[in-house]
Amino acid sequence: METQTEAGTETLESDETAKASASRRRVRPLLFGGGALLCAALATVGVLFATHSGNDKNGAAAKRHAPTIPVTYQIAGRGTAQISYAGPGGRLHTVSAHLPWRGGANLTAGGAPAVVSIVLGKEGGNATCSVSLHGKVVQRATAYGSYGRANCRTPLARTTR
């Protein structure tokens, strides 16, 4: 409905139109608030599911034991060398040792590779590194001369035997 005023034409809403408009204004915030509440509830369920999956009935994390592979490192030679090797958990360890030297670890199958590196001293010489899996040599390398280097590295596939 339109009415004429001094300022121009003015549109007036009927009572029913005004009530419907006011009703829509009240419903919209409720819908948005309800949607936000629903999203928050779903997020909470997701977090609870993620934090409790893999847990036992007491909530303790289930220990999953990945298969391990027995790895043996050997350095043959004379003198002193700096030796770096992958130890438990795949962590790199570095030692200075008199040769011959032997070390080892049980490494996780499918994890970090079995690796041993040698660096000879200034006086040089030669030294041979080797990596054995399940008692069988799978990699061998030799370092020569002053500050000579050698690296032995082999992946630990889940089916390595």
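Side chains are part of it too, since the values below use all heavy atoms of this structure and drop only hydrogens, waters and symmetry mates.
- Listed by chain and number, the residues in a side-chain hydrogen bond (donor to acceptor under 3.5 Å, both in side chains) with Thr94 are Ser84 (sequence neighbours excluded).
- Remark: Pro88 engages His93, Ala105 in a side chain to side chain contact (heavy atoms under 4.5 Å, CB included) (not counting sequence neighbours).
- One distance of note links CD1 of Ile75 with SG of Cys152; it measures 7.0 Å at 0.5 Å rounding.
- Listed by first then second residue, pairs satisfying ring pair (Phe, Tyr, Trp, His ring centres under 6.0 Å) with a partner in residues 100-119 read Tyr85-Trp101, not counting sequence neighbours.
- A single hydrophobic cluster is seen to contain both Leu99 and Val95, as judged by linkage of ILVMFWY side chains at heavy-atom distances under 4.5 Å, directly or through other members.
- Residues in residues 68-82 take part in these side chain to side chain donor-acceptor pair (under 3.5 Å) pairs, two or more places apart or across chains: Thr80-His98.
- Residues satisfying the side chain to side chain contact (heavy atoms under 4.5 Å, CB included) criterion with Pro113, sequence neighbours excluded, are Arg153.
- Residues forming a side chain to side chain contact (heavy atoms under 4.5 Å, CB included) with Ala143 (at least two apart in sequence, or on another chain): Ile118, Leu120, Ala150.
- Scanning both residues, Asn106 and Pro70, for their nearest heavy atoms gives OD1-CA, 3.3 Å.
- The nearest pair of heavy atoms linking Gly90 to Leu107 is N-CD2, 4.2 Å.
- Listed by first and then second residue, the side chain to side chain donor-acceptor pair (under 3.5 Å) pairs that reach into residues 113-129 are Ser117-Asn151, Thr128-Thr142, sequence neighbours excluded.
- Between atom CG of residue Leu133 and atom OG1 of residue Thr154 there is a gap of 5.5 Å, rounded to the nearest 0.5 Å.
- Residues Gln139 and Ser130 form no side-chain contact, since every pair of their non-hydrogen atoms from C-beta on lies 4.5 Å or further apart.
- No single ILVMFWY cluster, assembled from side-chain heavy atoms under 4.5 Å apart, contains both Val115 and Val138.
- You'll find the side chain of Val71 stays beyond 4.5 Å of the side chain of Val116, heavy atoms only.
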